[in-house]
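Predicted, not measured: the structure shown is a model, and the values here were computed from it.
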Amino acid sequence: MMIICLISGFLGSGKTTLMIELGKRLGSKGRRAAIIVNEIGEVGVDGALINQYGLNSVELTEGCICCSLSGSLQNTLRVVANDYKADAVFIEPTGIALPSKINTIIRTSMVEYEAKLGICVVDAYRAEKIYEEAGLFFRRQIEDVDIVAVNKVDLVNDEKVATVEELVIGLNPKVELVRMSAKRCEGVDRIESILFEKMGARE
Ligand SMILES: Nc1nc2c(ncn2[C@@H]2O[C@H](COP(=O)(O)OP(=O)(O)O)[C@@H](O)[C@H]2O)c(=O)[nH]1
Ligand SMILES: [Mg+2]
C-alpha cells in the first residue's frame with residue numbers, strides 16, 4: 001500500500017522543488033515514487049528531469065483537481081496505486097487549492113493507502129505579505145496539514161523565520177514546523193525521514 005503526500009502552498013513557494021528532491025531521494029533508496037501535478041497555465045514540471053530519476057509523473061492541466069478534475073485525480077490515484085504500484089505518490093495541486101477539499105477527494109477515491117501526509121510549503125520571504133493580502137486563504141492552507149515547511153530560509157534572516165513560524169503556529173498550533181531551503185536541500189531530511197517512517201521497513 002502506498003503513502004499519499006499532498007504538497008500544498010501558494011504558487012512559487014517551492015512545492016515542485018521539494019517534491020522532486022523527495023522523489024529523487026526515495027528513488028535512490030529503491031522506492032517507487034510517482035508525482036501528480038495540477039498546473040493551470042503555469043509552466044509544467046520538467047518531465048524529462050523527473051523521469052531521469054526513475055519517477056513517474058502525470059500532469060493534469062485542463063482544470064483544477066479539487067473541482068472539475070476531481071474524477072481525473074481519483075482515476076490517476078488508482079492507476080498509480082494499482083498499476084504502477086508506487087510506494088509513495090506526491091500530489092501538487094495548484095496554489096489556490098484547499099487541502100481540505102483534496103483530502104475529501106482522496107478519501108472518496110476508493111484507493112487504499114497506508115498513510116497520508118499533508119505538507120504546506122510557505123515562502124518565508126513572502127508569507128507575511130500573502131497573509132496581509134489573503135489572510136483567510138492563507139489560514140485555510142495551513143489548516144488540515146501535518147507539516148508546514150517554512151521554505152526559502154536562505155533568503156531571510158532568523159528573525160524573519162521566527163516571525164513566520166509564530167504566524168503559522170498562531171493559525172494552527174498542532175502543525176509541525178520544518179525550516180527549509182528546498183533549493184539548497186536543507187531541512188528536506190526531516191520530511192524524508194517522516195516518509196520512510198510511514199512507509200516502514202516493508203519491501
Ligand atoms: N532561494 C530559494 N529559492 C527557492 C527555494 N525553493 C524553491 N525556490 C525557487 O522558487 C521558485 C519557485 O519554485 P517551485 O518549486 O517551482 O514553486 P511551486 O510553484 O510552489 O512549485 C523557483 O525558481 C525555485 O528555484 C529555496 O529554498 N530558496
Ligand atoms: Mg510547481
Side-chain angles (χ1 to χ4, degrees), residues 1-9 13-38 45 50 53-58 60 65-66 70 73-93 97-122 140-151 165 168-169 171-182 185-203:
M1 246 186 279
M2 68 179 181
I3 308 280
I4 298 181
C5 183
L6 179 63
I7 304 193
S8 56
S13 56
K15 300 180 294 296
T16 302
T17 309
L18 171 63
M19 198 172 57
I20 289 178
E21 181 59 26
L22 287 170
K24 269 162 52 175
R25 291 180 182 209
L26 263 62
S28 74
K29 291 178 180 160
R31 304 294 181 144
R32 288 168 78 80
I35 288 178
I36 301 174
V37 185
N38 181 209
V45 177
I50 291 179
Y53 300 108
L55 293 164
N56 204 17
S57 69
V58 182
L60 302 172
I65 51 169
C66 68
S70 61
L73 174 60
Q74 293 180 326
N75 285 335
T76 307
L77 278 175
R78 285 193 281 267
V79 168
V80 163
N82 303 332
D83 302 343
Y84 185 65
K85 300 197 188 312
D87 295 300
V89 59
F90 297 96
I91 304 172
E92 180 189 344
L98 293 175
S100 60
K101 252 180 126 176
I102 296 173
N103 285 338
T104 305
I105 294 162
I106 293 171
R107 269 202 307 276
T108 56
S109 68
M110 311 282 284
V111 170
E112 280 192 278
Y113 56 90
E114 199 158 44
K116 200 185 69 55
L117 184 69
I119 304 171
C120 179
V121 182
V122 167
R140 292 194 67 184
Q141 285 216 328
I142 305 282
E143 285 170 357
D144 294 305
V145 298
D146 305 296
I147 296 171
V148 170
V150 177
N151 191 36
E165 285 177 338
V168 169
I169 284 294
L171 297 172
N172 182 355
K174 286 183 295 194
V175 90
E176 176 179 341
L177 290 167
V178 178
R179 290 187 179 194
M180 181 177 288
S181 171
C185 302
E186 290 163 14
V188 182
D189 286 6
R190 172 70 190 132
I191 293 176
E192 182 189 352
S193 68
I194 293 171
L195 285 172
F196 272 95
E197 252 169 53
K198 288 191 182 287
M199 282 189 288
R202 76 204 154 75
E203 281 312 306

What distance do [X] atom [atom1] and [Y] atom [atom2] have between them, rounded to the nearest 0.5 Å?
| X | Y | atom1 | atom2 | value |
| --- | --- | --- | --- | --- |
| L18 | E192 | CG | CD | 11.0 Å |
| M19 | I36 | CE | CD1 | 10.0 Å |
| R190 | L195 | CZ | CG | 10.5 Å |
| L177 | I147 | CG | CD1 | 10.0 Å |
| M180 | S13 | CE | OG | 11.0 Å |
| C120 | D146 | SG | CG | 11.5 Å |

Might you confirm whether atom CZ of R179 has over 12 heavy atoms from other residues, nucleotides or ligands at distances under 6.0 Å?
yes
Among residues at least two apart in sequence or on other chains, which ones pass side-chain hydrogen bond (donor to acceptor under 3.5 Å, both in side chains) with K85?
none
For N103, side-chain hydrogen bond (donor to acceptor under 3.5 Å, both in side chains) partners two or more places apart:
K116
Could you list the residues that satisfy salt bridge (charged side-chain N to carboxylate O under 4.0 Å, His left out) with E21, not counting sequence neighbours?
K24, R25
Does the side chain of E92 come under 3.5 Å of the side chain of T16 through a donor N or O and an acceptor N or O?
yes
Are [X] and [Y] side-chain neighbours, meaning at least one heavy-atom pair lies under 4.5 Å?
| X | Y | result |
| --- | --- | --- |
| M199 | L26 | yes |
| I106 | I4 | yes |
| I119 | C5 | yes |
| I194 | E176 | yes |
| T17 | V121 | no |
| L73 | N38 | no |
| L22 | V188 | yes |
| V89 | T76 | no |

Looking only at non-hydrogen atoms, find the nearest pair between [X] and [Y] and report the distance.
| X | Y | value |
| --- | --- | --- |
| A86 | A34 | CB-CB, 4.2 Å |
| G118 | V145 | O-CB, 3.5 Å |
| A115 | K198 | CB-CD, 3.8 Å |
| I142 | V168 | CG2-CG1, 4.0 Å |
| R31 | D87 | CA-OD2, 3.3 Å |
| Y84 | A33 | OH-O, 3.6 Å |

Test side-chain contact (heavy atoms from CB on, under 4.5 Å) applied to S100 and E143, step by step:
CA-CA 8 Å; S100 60; E143 285 170 357; over 6 Å; no
Would the distance check show the side chain of K15 and the main-chain N or O of G9 forming a donor-acceptor pair, the cut-off being under 3.5 Å?
yes
Full working for side-chain contact (heavy atoms from CB on, under 4.5 Å) between V111 and M2:
CA-CA 9 Å; V111 170; M2 68 179 181; 3.9 Å; yes
Is there a side-chain contact (heavy atoms from CB on, under 4.5 Å) between Q74 and I105? Walk through the geometry before answering.
CA-CA 7 Å; Q74 293 180 326; I105 294 162; 3.7 Å; yes
